[in-house]
Structure formats: structure tokens, C-alpha cells
Protein chains: 2
Amino acid sequence: MDELGERKIKILDAIIRTYLETGEPVGSRTISKYTDLNLSSATIRNEMSDLEELGYIVQPHTSAGRIPSDKGYRFYVDHLLKNKDKEISDMKDFVIEHTERMENVLKQVARTLAQSTNYATMITSPKYSANKVKFIQLSQLDDNQLLAVIVMEANVVKNKIIPLEEPLDNEALLRLNVLLNSTLNGLSIPEINLATISKMKEQAGDYSDIVGIVLDAVSETLSQEELEIYTSGATNIFKYPELSDSQKASELIYTLEEKQQLATLVSDSLSDEAGTGIQVYIGNESPIQTMKDCSVVTATYELSQGVKGTVGIIGPKRMDYEKVMGSLKELTTQLDGIFKKPSQ
Amino acid sequence: MDELGERKIKILDAIIRTYLETGEPVGSRTISKYTDLNLSSATIRNEMSDLEELGYIVQPHTSAGRIPSDKGYRFYVDHLLKNKDKEISDMKDFVIEHTERMENVLKQVARTLAQSTNYATMITSPKYSANKVKFIQLSQLDDNQLLAVIVMEANVVKNKIIPLEEPLDNEALLRLNVLLNSTLNGLSIPEINLATISKMKEQAGDYSDIVGIVLDAVSETLSQEELEIYTSGATNIFKYPELSDSQKASELIYTLEEKQQLATLVSDSLSDEAGTGIQVYIGNESPIQTMKDCSVVTATYELSQGVKGTVGIIGPKRMDYEKVMGSLKELTTQLDGIFKKPSQ
DNA sequence: TATTAGCACTCCTATTTGATGAGTGCTAAC
DNA sequence: GTTAGCACTCATCAAATAGGAGTGCTAATA
């Protein structure tokens, strides 16, 4: 970091900012005019030569201007980005009806974010692992089907239909319901362990096998922990020529469409370290191979009680980091409010 | 149709089949050798000239071979396609776990179909409008929230959380449950009309306002009738050069990602006319503007009792119609079985 | 010593040119 | 009615060419 003098830093900053705008390699003459350093292009050339040797910029080919390397971007993001608190005004299109199902809210968030940033976006459903069981109910659907309804603290409702050999009588159903609720309510998923289960089976007496089936279904349902991922704006990548060739575009869009790989961005991002909850992956820093020519910025949004999700933006390396990080910060604070009301 | 003699038809057939394979304009010499007509290229040329005048084929430019026009493709699909009952063997990769939630099954179907055809695919959730209410249950979630669970005949479960001013006592809850079930069970959505509703409110007595809220919620939930559309294999279009340029690819993928426009393919397809339930849109025949360079083949799958959905394949005009239509026919019959088991 | 002007050099990009070849349309002969 | 022959068109490709942006180096300058 200190290997750079103040002047070199200014020049690097200028190079990167110019490149972010134009996407073209930037030459010494441009910098000479762009900055207020009042230096001739020749001097700039010397400095640029140094910067290249230090690995902050690279030349796509001899006699071309310079473009930032991953290291350059990294330096820019870490040290040069002024986190001027973005005018919040232009982010107010994040007014989202929060009466809808969560699924729709998340889709809408992804879409809005994609439209306002012109990058591809992703958002995951929140992880409820720390969430507690609030209410369980078994009902006799018909002679050989049982319906289990499970409600978690955050009002997330899950259903499971359980096939049955023969119908349960009313009394048994009642007993099971009481048993399930009294035992499981208030427990989070990791807290439902073998001991709890065997104790329940014991108490169920004649119906222990049914309890077994039900418990299996319940735990299966709960631990499904389906990390839903929603993406939007995949086609925005066509706005950036450096990502638009068939090969790259196809791979990238495929990754966004198939989604599983995106999950790797989540776990990393949830292990938040800095204060902001914002992570930036530049080029090969990303765990996803097909995104080596992209930058990915992820943020963690947190609802109540450790219920966390991830929202991310995928764009070219020369993305507008300032705007993106501002948008994400803004969004994550807003998301908090959106989920206050009951939703499925 | 009868404007074409037998020989012209044979030549048109040969042109189209050759073009489907190669994607290149096909010349008179190729046809002269390819067919068993034993005609010289010169004769073929004359015939091709006629075919062009009649609008079945076009020349991309002077001194290029001919490619089929939309009219040509249409003729091919309507008259030349031998519906040889495809060897079913190679379609057996449609083994799908049917224990999963329907949403996942549909996603999986779309994915599998995309992989096996190398085209983009879409599938809609089935329309349950003709489906009947099987079971309704209200439960007291906590002091000011009611949980409504509605199960339809096909075991589709819906939940709705209803905010409440003050808790209901147990007896009232019981009465409401009985009332709801006895009145609504067995009714399909269109059958729940104003008369039914006002009658229910009457019977509810003191709780008529609560019944109102519940009914609103129920009907809202039921009529949500969200036509979910799932797509897959969007990036397959990059396998066809004629669709791969940035502009077209971007528009197409956007349409597939945003999905609403795809709904227009559904309503049309549901108004089935031919016996097969398979519809083919060639180029501009499609209601979707961005698909003017594509062909779209849709099929209607029908579960029990008028519960219908649409599955479709989007590819280049020179798609393998035989294979595609075979796959769809095969798939729609198989889908029938897949949903037999309970699913959410 | 740091800066700058000047210049040769590199190499990307766009444009031109010409050769090639596939394919056609037409005419005349079979 | 069919075919051979031939002139013509036009996309495609490769090589050649010119232009220009930008560099690195050297020598002069403050």
C-alpha cells in the first residue's frame, strides 16, 4: 500500500475512473489532460510504467493504453472509493408492496435492483435456521392422508401431506397435536435432536410409529432449508461489450439461470467480517469460475433474530462500485422494514 | 397446396430437410445429388425458381442457395412431417421423482426437456380453475393472527395468514370451521358466488364480519390462480448462429427471463383445435415479437378433471420439428402419471 | 534531479484489393 | 421437357495497406 507515492495513487485513481467510464484502455495523454496534476504525458508514462511493474495496471498489448488489473481494482475498492453517502432520493423506487408473499417480494427486489443498476442481480431467501417452531397442526385430510402444517416464528408456513395406512381416530389426532406442540414449540431446528425425538416416540405409545413418520416429515420439511435464489437482469450483461461475446455471455447467463453455483457466494458472504456486510469479489477472487471477468458485490440483509439472506450484484469488473455499494447498503436497510408484516 | 406438383413437393421437402440439418442455404446441385429424382441441377434450378415465385423458399441474396420461408416451413409442418411414432426409448430420461413439490417437478421437467432437445423450454403450472375445494381449516396462530389452510382436490395446499383484532374463542373457531367446510367443500372456484357468500354470512351470525374477512382471504387465495411459468435452457439458443448475435440473443433471453409475455402462448394453446393439442408457431406467427426468428412448439398437458397446463419449446425456425413434436407428445402423456401422487 | 519534448517503433483497427467458389439465370442443343 | 454450357453475381476470405494511438527511450531543459 505504501509502495505507492501520493502522485502514483492519484494517477492510478484517474486511470481507473476513466476506464470505468469508457471501458477503453486509457493512455498517458488522456491522464495528462484529465488530472489537475499538470504533468506532461511523458511523465505520466514513466509513472504508468512503474505502476505496471507494481502490478496495478496492465497493457492489453504493446502500444495500447493501460487498464486496471485485479490488484488495481482491489486497491481502488479498498482505498480510493469515497463512500460519499449517496443521495438516497434516487433509490426510492424501492417502494415495494409488502403484503405479498415473500417469494414475490424477493423477485421484485431483484428486478428493481437490476433495473436501477443495469447489472445482473441475485437475492436469496433468508435462512431461517435460527428460527423457532411456533405452531404445528395435523389434520385428517381424507381416509389415508394426513396434512401437517408447520408455522415458524417469522410466520413462514410449510405444508406436508403424509400418506397413511389407515385413518386416525379423533382422539389420537388430538393427542398427537398436543404432543407435537408441547414438545416442539419454541425449538429451533438444530435443537430438535435425537433425544427429543425418542422421548416423543415414547410418549406417543401406540402411535409411536406414526409419530416417527410425522417427525420424519416435519424434520424433512423444516430442514429442507431450501435456499431459494432469485436472479434478474441477466441480459444486462449485454450492455458491456467485454462480456457480450457468445461464449462468455452464454456461460454467465447459464450460471445465473441454473443458480446452484450462486449459492457459493452466499455462505462466504454470510461469514461477514468487515462491519458493512458488503463483500466485493473482483475477477478471480470470485469462487465461480465463469465470473472471472466479472466483479460480484454481495451484501447481507438481516431481518430479525439472525434471519439472514444475501443480495448480490454481478457486473463487469469496471462496474460503478460507488453506486453499487451505495445501492446495496440502502437496500439492505430498507429490506428490514419490508418484512415486518405477516407474509407466507 | 395443390399449386405444387408432386415433383415440386419432393424438391421442397429435400430443401427443407437439408436446411434443417446444415443451417446453410441449399443450392440446386446439392438437391440434384441428394434426391433420387435423377434430375440435373439445371432442372432443379428451374423448379426452385418456381418455388421461390410461389413463396415457399427465399434467396438470402443473389447467387446464394435457397432457404425455406415461413410459408415453406408451414407447408412442411402441415404436410410433409411424417409423424413416425418416435422410438420412445430415447425419451426415457423423463424419469422424475414425483414425491417433490409440484414447483420442483415442473422446474425439473423444463430442465430435462431443455437438455434432451437442446432448445429453450417453458412450462406452466396447471390451471386449477375447475378444481374443487376439498378441505378448509382455520387455526388460531396467536392472539391476533388466524391461519387459514385450504386444500384443493389435487392436493394443492394454500395458506393465508389473517390478521385479527381480538382472538376468537374455541367454540367460535369450531363453528366457523364447520360452516366453511360444509358450505364450500366440493365447490369449484367459479361456483363460489355472491349468493353462497351472503348465505354464509347470515349463518355466521355474530361472526359475520369475520366470515367476510376469511372469505375474502379464501377467495383471494384461491383466485390468485397465479400462472407460474418456468423456463430452462435459455442459453441453448447460443447453439444456433442465426440467433446468437447480441441483439437477438439479448431480447430472446430477456423474454424468457421475464416470462410474462410467454403467457400469451398459453391461452392460445389451451384453446386446442386439432386433436393433438400441439401447436406450432413459425416466425411471425408467434404472438411474441422477439420470437419472430424462432419457432415455438407448444403442447397442452392435462391432468385429471380439466386441469391443464402448457409446455413449450422455443428454438430456431430450423428446429427438428419431428423430434420436438415427438418429445412433447411423449412428455404430455407421461406428465399425467407424474402427478398422481400427493404433492403440494 | 525531476520533468519534458521529440522521435522511432509497435501493434491494433479499418479499409481496400483481389482471388475463390458457390450458385444462379439464361440460352441453345438434345 | 430436360440438360449442358456459360456468363454473371455476390459472399467470404486472406493479404496488403494506411492510419493512428500509445509507448519507451534519449536528450535537452529547468
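In what follows, chains carry the letters A, B, and so on, assigned in the order in which the sequence lines appear, proteins first and then strands, with residues in each chain numbered from 1.
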- Task: Starting from the 5' end of DNA chain D, give me the residue, B:Glu47 or B:His61, whose nearest nucleotide shows up first.
- Result: B:Glu47
- Message: At 4.0 Å (heavy atoms only), tell me whether A:Ala64 reaches a base, stays on the sugar-phosphate, or touches nothing.
- Response: sugar-phosphate
- Task: Please report the C-alpha distance between A:Phe75 and A:Ile9 in whole Å, then the side-chain angles of each, then the deciding distance to 0.1 Å, and finally whether the side chain to side chain contact (heavy atoms under 4.5 Å, CB included) criterion is met.
- Result: CA-CA 10 Å; A:Phe75 186 84; A:Ile9 292 183; 4.1 Å; yes
- Item | side-chain N/O B:Ser63 vs C:dA22 OP1/OP2, d < 4.0 Å | no
- Between C1' of C:dT4 and CG of A:Leu39, the distance in whole Å: 10 Å
- Among C:dT3, C:dC12, D:dT2, the one nearest A:Arg7 by side-chain distance: C:dT3
- Taking atom P of C:dT4 as reference, at what distance in whole Å does atom NZ of A:Lys33 sit? 16 Å
- Task: Run the salt-bridge test on A:Arg74 and A:Glu285 with the 4.0 Å N-O cut-off and return the result as yes or no.
- Result: yes
- Checking B:Lys71 against B:Tyr56: charged group under 6.0 Å from the ring centre and within 45 degrees of the axis? yes
- Message: Without decimals, in angstroms, what is the distance between B:Ile44 CD1 and C:dT24 P?
- Response: 10 Å
- Message: If you compare every side-chain N and O of A:Arg66 against the phosphate oxygens of D:dG24 (OP1, OP2), does one of them come in below 4.0 Å?
- Response: yes
- Item | Interatomic distance where CD1 belongs to B:Ile31 and P belongs to D:dT2 [whole Å] | 17 Å
- Note on the structure: Here the distance between atom C1' of C:dT24 and atom CD1 of B:Ile67, to the nearest Å, is 16 Å
- Task: Tell me what A:Ser28 touches on the nucleic acid: a base, only sugar-phosphate, or nothing, going by heavy atoms under 4.0 Å.
- Result: sugar-phosphate
- Query: Please give, in whole Å, the distance from C:dT3 P to A:Asp50 CG?
  - Reply: 11 Å
- Can a salt bridge be assigned to the pair A:Arg111 and B:Glu258 using a cut-off of 4.0 Å between side-chain N and carboxylate O? yes
- Message: Go nucleotide by nucleotide along DNA chain D from the 5' end; which of B:Arg45 and A:Val26 gets its closest nucleotide reached first?
- Response: B:Arg45
- Task: Indicate, with a heavy-atom threshold strictly under 4.0 Å, whether B:Thr62 touches base, sugar-phosphate, or nothing.
- Result: sugar-phosphate
- Atom pair distance, as rounded to whole Å: CG in A:Asn46 and P in C:dT3: 9 Å
- Item | Spacing of B:Arg29 atom CZ relative to C:dG25 atom C1', expressed in whole Å | 17 Å
- Message: Could you walk me through whether B:Asp13 and B:Arg17 satisfy the salt bridge (charged side-chain N to carboxylate O under 4.0 Å, His left out) test, starting with their C-alpha distance in whole Å, then the side-chain angles of each, then the deciding distance to 0.1 Å, before giving a yes or no?
- Response: CA-CA 6 Å; B:Asp13 190 37; B:Arg17 285 185 195 280; 3.1 Å; yes
- Message: What's the closest nucleotide to the side chain of A:Ser49 if the choices are D:dG24, C:dT3, C:dG25?
- Response: D:dG24
